[in-house]
Number of protein chains: 4
Amino acid sequence: MMRAVVLAGPNDFKAGQIEMPKVGDHDILLQMKKAAICGTDIRILEGKKTKDVRYPSVIGHEMCGIIKEAGKQVQGFNPGDKVAIANVIPCHSCHSCLNGRENACLNRKAIGYEFNGGFAEYVLVPGIAIESGNVIKLPEHVSFAEGALIEPLACCIRGLKNAGTGFNDTVLIVGAGPIGLMHLQLSKIVGARKVIISEPIASRREKAAKLGADLIVDPMAENLHEIVMKETDGLGVDVIVVAIGVPQVVNSTIKLCRKGGTVNLFAGFAGTGECTIEVNTIHYGEINVNGSTAYKRQDYLEAAQMVIDQKVNLEEIVTHRFKIEEFQQAYEVCKSGEGLKVVIEP
Amino acid sequence: MMRAVVLAGPNDFKAGQIEMPKVGDHDILLQMKKAAICGTDIRILEGKKTKDVRYPSVIGHEMCGIIKEAGKQVQGFNPGDKVAIANVIPCHSCHSCLNGRENACLNRKAIGYEFNGGFAEYVLVPGIAIESGNVIKLPEHVSFAEGALIEPLACCIRGLKNAGTGFNDTVLIVGAGPIGLMHLQLSKIVGARKVIISEPIASRREKAAKLGADLIVDPMAENLHEIVMKETDGLGVDVIVVAIGVPQVVNSTIKLCRKGGTVNLFAGFAGTGECTIEVNTIHYGEINVNGSTAYKRQDYLEAAQMVIDQKVNLEEIVTHRFKIEEFQQAYEVCKSGEGLKVVIEP
Amino acid sequence: MMRAVVLAGPNDFKAGQIEMPKVGDHDILLQMKKAAICGTDIRILEGKKTKDVRYPSVIGHEMCGIIKEAGKQVQGFNPGDKVAIANVIPCHSCHSCLNGRENACLNRKAIGYEFNGGFAEYVLVPGIAIESGNVIKLPEHVSFAEGALIEPLACCIRGLKNAGTGFNDTVLIVGAGPIGLMHLQLSKIVGARKVIISEPIASRREKAAKLGADLIVDPMAENLHEIVMKETDGLGVDVIVVAIGVPQVVNSTIKLCRKGGTVNLFAGFAGTGECTIEVNTIHYGEINVNGSTAYKRQDYLEAAQMVIDQKVNLEEIVTHRFKIEEFQQAYEVCKSGEGLKVVIEP
Amino acid sequence: MMRAVVLAGPNDFKAGQIEMPKVGDHDILLQMKKAAICGTDIRILEGKKTKDVRYPSVIGHEMCGIIKEAGKQVQGFNPGDKVAIANVIPCHSCHSCLNGRENACLNRKAIGYEFNGGFAEYVLVPGIAIESGNVIKLPEHVSFAEGALIEPLACCIRGLKNAGTGFNDTVLIVGAGPIGLMHLQLSKIVGARKVIISEPIASRREKAAKLGADLIVDPMAENLHEIVMKETDGLGVDVIVVAIGVPQVVNSTIKLCRKGGTVNLFAGFAGTGECTIEVNTIHYGEINVNGSTAYKRQDYLEAAQMVIDQKVNLEEIVTHRFKIEEFQQAYEVCKSGEGLKVVIEP
Ligand SMILES: NC(=O)c1ccc[n+]([C@@H]2O[C@H](COP(=O)([O-])OP(=O)(O)OC[C@H]3O[C@@H](n4cnc5c(N)ncnc54)[C@H](OP(=O)(O)O)[C@@H]3O)[C@@H](O)[C@H]2O)c1
Ligand SMILES: NC(=O)c1ccc[n+]([C@@H]2O[C@H](COP(=O)([O-])OP(=O)(O)OC[C@H]3O[C@@H](n4cnc5c(N)ncnc54)[C@H](OP(=O)(O)O)[C@@H]3O)[C@@H](O)[C@H]2O)c1
Ligand SMILES: NC(=O)c1ccc[n+]([C@@H]2O[C@H](COP(=O)([O-])OP(=O)(O)OC[C@H]3O[C@@H](n4cnc5c(N)ncnc54)[C@H](OP(=O)(O)O)[C@@H]3O)[C@@H](O)[C@H]2O)c1
Ligand SMILES: NC(=O)c1ccc[n+]([C@@H]2O[C@H](COP(=O)([O-])OP(=O)(O)OC[C@H]3O[C@@H](n4cnc5c(N)ncnc54)[C@H](OP(=O)(O)O)[C@@H]3O)[C@@H](O)[C@H]2O)c1
Ligand SMILES: [Zn+2]
Ligand SMILES: [Zn+2]
Ligand SMILES: [Zn+2]
Ligand SMILES: [Zn+2]
């Protein structure tokens, strides 16, 4: 038996004991060391997201740990290896996969969804994940928390590529949650000239300052539109990343973009994301509005390499740590918005 | 004196007599042979568009004719030459021009706006237009009506490039007005596998069939969503061109696009184009929603070459012809929607 | 036992009898109906290419036939189905595969190389090929010869995409062998304004004319450079596809390209392709010189769809047909260059 | 009269006195403060480059100074303004300009070529340069030497964009002259994971280390091929910038590139750059070999902004300073290769 957070149904979860998973010849058993909670996990726990969710199951898809056991046929991995797991396994052959878009695979299988996830003492990593290159060894100097955050960083790398942020661009990031703070760092790394952050919570604005934002705006107290236009000689910014799932900001945000610029709707929005948009802004400004979902394995590898090379600061984004038994508390901290990333430990 | 349609104010226009323009040393005087009416002209005449409009002035920006007089300093053009005019002259040095987006030039000057336009016996083509390469000689076999329609064709070429339509794509064009019918032809020319047309008016659906549409849908009588999904194995189409300015179609149209596909909002929309959009469709589907405005000189040159090479059928799109004196009738035909392109003759 | 061409070593091959392959639970047994000979096959037979070649083995990688037997676990395919085979199976997880370049997979497995190929009565199609989507059903109206030529057409689609040929481009294709003639057709389909063919053999120039070339040059008798410059107002062409493996043409060909244009070295060259190039042409002209190798599964699917939709004329490219027993003759015809595609039948 | 270096013919130049230029109503007279010597200047002085060179004339195209006089019609500039000059003025309407490639304008006019250049006390900046946006005001904190080096930095930005260097790429720069050292810094700024420098001169290798190179190789003493392959798991690097005009390095350099990677021939090569290349490397590896010439005005604006924002270290690249009178010495230092950038002062 092992300890785990069991999700029995919408709004029905608690820490308890479940059977240890059976390790097949091609599988790996991961001893979880850190598993971070994602906004999507909260939506699942609350019952706001039920698609692809099994009951009962163990969720959690941002995880890092140590190999406890490697099946007989597994090559290249051994007990004791520190590894991070890319939880999404694409099918390699659907329309999306064939067209270079495996992050939107139509038949994807994922740990934390189809397979039990990270909020447990042990996690079974199925052979197809290993074969697909989804298990990455980490060196000594990478912490388990950093290892767990490779996953959301990989998503942000995908978003960065979809946004097309480049050299000398002026970038606006709407929201300085964990995701916005990763986008901030990535934008600076690709040579953005100036990164503007819009964020209503003071503590998050402070983090943004610490992590290198060039200009930080409180959209509740200041006039974001005026500030952006002043900073850009009335042209608007080159790239906007919407890192909060609040549909109401979309229309006013698009108006902050220069002609031919890009607005990446990185956030998943509440409900269907229904909102009112004045589409002539897009038409006449030749604005590109696009999206971003999950990551490709290549994004994950790049994220892991960046963490190994210590190019991003992820520790600064982790604000709370809880044991499996304390999951209810962890959940409440997440919902309160008082911290940033909340991490589960065995 | 010469005959012209004089626009005195919103909803206040009529055919009459005005002074002949004075031809400077660098200018050309064009004897108008055909000038087509664009949807934007209608919006100006009705007073729905007043931005950049002078009163009194002569509008009309799709024109073709014969050079009546060439200023002393003009080289390469002579009286008697049949020419078409690219009416938009970019500044070459604004932020848009410097970034390869002269169609969205921030300081553009245009015939039909800053300079008097085509609904007149004669049109002054200013020296900066000639220097900028906006005057194109046409051979014998190109008709004056075709010459006038090079301009909207150039806009459609810009839209095609912004939409990124390519080889083997499945394309949906919403609206089979003059613009939709040009997009239909262009999509076929770039090798689209299948072009689907959605159009409520029966006579326009017939034109679409004649001009090569692979599948034609009446969105009022048939279920467009079901038909598109059936044709694409449930994936959605690769590219959508919205060729009608009806904001209400945007949301349902985006849902017809495959993951990673593009929805080009080619039409200018009524008012600000305010409409309700479920933006999670864009987010999860990584859909690209973009726009298109006017044309680059290169697009115009390509449009002219295509007309010279007889690659597109524009004659089929012209349904009505009126004299300058009959402009009121022309205006009413346009508003009735009973025809397609309406053309003014001296 | 079954009939097959057995390659025992370089320059050592003959038609004979070999064991029937054993069909595993996930495999398919294909009854070969047509298998085309590729230039690479000739190089293998002659011993000019030995890399990845097994002795003894059966080669041949352009094939089409009917399913004779389907393993117990095979789903979606049944005996009697007419199918074409994409012979290259990528690994899905190497650096190339992860970066959207499965055609250059570092661990690819291929029928005709690692697995026995098409110059035999029956061909074993391994389960990994089926799972990877490499088996395509064909309708009644597609001939077996067309089915076999989907493979080289897929290569040409890859080349077309690498060349970036687009709408209104002027294209030069050097060589009108089977490959050049496919590139000719594809270039026209994507809307090239003008396709120029350079080919020394008269019969091939005639085929080019029949298949739609706009201008055809005999490089031995005419001055190709002068002709190209005349046709392009001294600018050079937008895109060049080098479809012959003769290193000596590369330098003079690059000089026919406009500033910023692309020269795709589609052909595999003799030996290492050593030749003298004046690289300042590339530097000052900002020419893109690139390559092309094999195809992605998506290219193959598109090629198959184009054949099904009857968009290309492949029958015109097939000039000779031989039985397995007559393979020596087929080989000699290929080497003589008197025909175009030579096809083997059971 | 004013002091200037007068080029009378190939290998025939000396410091002397010439007439002050006449300042037209639309022109500016620049008091030169610093003008840097470019490799191309050396080739002109030696007579190795004669194309577009006038005799007698004043050359020098990397310059910065103070406005001495502004013509009556000049707006926005005043005597006393510190400015840098983008020396190349595109025509805005040739085939290159129309296709977004003004850096390769077919009718370009340039200061230092068609107009007298920077190796003089005063430089006439013609009205077309001002209108075209080629004069950039600099703030106090930018030094005149930095101002002069905006021009080569702009070229390197163009090269960077042509090379397509991106986020997480491994980059090899061949040559650590002034140009290679700028490319090094730019590559780091756009987020390259690792920049490898190959340079035979020890002092330049030291500069490369100081300016952030991750790995530095002496190609004369070490095995560059082995080192690169070891650093990249045998794949080769993502991007290569050839920053030396030595044709002999091209072939071996292309072999260091990964499948699908890019080799930018940034350097102008000796003579025609004739060299032997094994083109099968390009074919099978789908390598992109391309070039780079001059800069677009947008590149120059970005370079100026980067210098204003102190993102690059240019001072470190300037090693020698000479007066106009000492030009012969400056020339000799350049030819000796003992320093990096040599700068002329009034
Ligand atoms: N594309 C992908 O693959 C991917 C991957 C991971 C996450 N995501 C999405 O990314 C989004 C952000 O994730 P997260 O973990 O950073 O969430 P988060 O903690 O909710 O951060 C969002 C931040 O934006 C702030 N905000 C709210 N209204 C704002 C406004 N009007 N203007 C500016 N900022 C405002 C929020 O403040 P309040 O707390 O006061 O609302 C919060 O600080 C989520 O929607 C998530 O679903 C996408
Ligand atoms: N991007 C540019 O540079 C550019 C250049 C030129 C024109 N445009 C824009 O392009 C648009 C089209 O121009 P046009 O001359 O072709 O106009 P048009 O004659 O109004 O054609 C639009 C067509 O769409 C039909 N339609 C209306 N509702 C529809 C629905 N629900 N589904 C499908 N079709 C529907 C219209 O029918 P009804 O008449 O019954 O409404 C009409 O037949 C205009 O908005 C114009 O401003 C843009
Ligand atoms: N990238 C890929 O994935 C891929 C796939 C398949 C094939 N290929 C390559 O494509 C190339 C062409 O294949 P193919 O089957 O069409 O071969 P092919 O039958 O040899 O055709 C090449 C044609 O070019 C002609 N030619 C020779 N010298 C010429 C010159 N100076 N100027 C113009 N034309 C000249 C040849 O004539 P002669 O017979 O007189 O020499 C021949 O007609 C081969 O190198 C093959 O390896 C590449
Ligand atoms: N594209 C453009 O717009 C543009 C603009 C400006 C300059 N450029 C070109 O850029 C090139 C470099 O300019 P620069 O001012 O930096 O010139 P440079 O001072 O000559 O620098 C080139 C450096 O490469 C070194 N080198 C020589 N052989 C080498 C080898 N085998 N491997 C590695 N390094 C080697 C040279 O050493 P040695 O001195 O011992 O040879 C020298 O240190 C020139 O060709 C110039 O024409 C292009
Ligand atoms: Zn998939
Ligand atoms: Zn402009
Ligand atoms: Zn692979
Ligand atoms: Zn030009």
Side-chain angles (χ1 to χ4, degrees), chain C residues 51 94-96 99-101 103-106 158-159 161-162 164 232-236 238 242 245-251 253-255 258-294, chain D residues 51 94-96 99-101 103-106 158-159 161-162 164 232-236 238 242 245-251 253-255 258-294:
Chain C
K51 194 162 162 288
C94 71
H95 182 269
S96 285
N99 284 278
R101 201 171 286 275
N103 56 313
C105 171
L106 302 170
R158 173 62 11 225
K161 291 178 183 172
N162 287 357
T232 59
D233 301 321
L235 294 169
D238 298 294
V242 179
V246 181
Q248 290 75 12
V249 308
V250 177
N251 192 45
T253 298
I254 292 174
K255 293 183 179 174
R258 71 149 166 82
K259 282 172 193 280
T262 298
V263 179
N264 182 257
L265 303 179
F266 185 82
F269 290 86
T272 61
E274 197 172 290
C275 58
T276 298
I277 299 184
E278 293 158 276
V279 290
N280 268 348
T281 316
I282 298 171
H283 166 74
Y284 286 111
E286 295 197 326
I287 311 283
N288 306 292
V289 179
N290 65 18
S292 194
T293 185
Chain D
K51 195 162 161 291
C94 70
H95 182 269
S96 285
N99 285 278
R101 200 172 285 274
N103 56 313
C105 172
L106 302 170
R158 174 66 5 229
K161 290 177 183 174
N162 288 356
T232 58
D233 301 322
L235 294 170
D238 298 295
V242 179
V246 180
Q248 290 74 14
V249 307
V250 178
N251 192 45
T253 298
I254 293 174
K255 293 182 180 174
R258 72 150 165 82
K259 281 173 193 282
T262 298
V263 179
N264 182 256
L265 303 178
F266 185 82
F269 290 86
T272 60
E274 196 172 292
C275 57
T276 298
I277 299 185
E278 292 158 277
V279 291
N280 268 348
T281 318
I282 298 171
H283 165 75
Y284 285 111
E286 296 198 324
I287 311 283
N288 306 291
V289 178
N290 66 18
S292 194
T293 185

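Sequence lines set the chain letters: A, B, ... in the order given, protein chains first and strands last, and positions in each chain run from 1.
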**Asked** For Asp233(C), is it the side chain, the backbone, both, or neither that has a heavy atom closer than 4.5 Å to a heavy atom of chain D?
**Response** neither
Side chain, backbone, both or neither: which part of [X] has an atom under 4.5 Å from a heavy atom of chain C?
X	answer
Thr276(D)	both
Ile287(D)	backbone
Asn103(D)	side chain
Ala294(D)	neither

Are the side chains of [X] and [Y] in touch, meaning some heavy atoms are under 4.5 Å apart?
X	Y	result
Val242(C)	Phe269(C)	yes
Lys259(C)	His95(D)	no
Asn290(C)	Glu286(D)	no

**Pairs of heavy atoms under 4.5 Å with chain D: top-ranked of Asn251(C), Val250(C), Asn162(C), Asn280(C)** = Asn280(C)
I need the residue from [options] with the largest number of non-hydrogen atom pairs under 4.5 Å to chain C.
options	answer
Gly273(D), Gly285(D), Ala270(D)	Gly273(D)
Leu265(D), Thr293(D), Asn99(D), Thr272(D)	Thr272(D)
Pro247(D), Gly245(D), Gly260(D), Gly100(D)	Gly260(D)

**Message:** Would you compute the distance between atom CZ of Arg101(C) and atom CG of Leu106(C) and round it to the nearest 0.5 angstrom?
**Reply:**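 It is 11.0 Å, given to the nearest 0.5 Å.
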**Message:** Using the side-chain contact (heavy atoms from CB on, under 4.5 Å) definition, which of the options Val289(D), Val263(D), Asn288(D) pairs with Ile282(D)?
**Reply:** Val289(D)
**Request:** Verify side-chain contact (heavy atoms from CB on, under 4.5 Å) between Ile277(C) and Val279(D), making sure each step is shown before the conclusion.
**Result:** CA-CA 10 Å; Ile277(C) 299 184; Val279(D) 291; 3.8 Å; yes
**Item:** Donor-acceptor pair, side chain of Ser96(C) and main chain of Ala104(C), under 3.5 angstrom
**Value:** yes
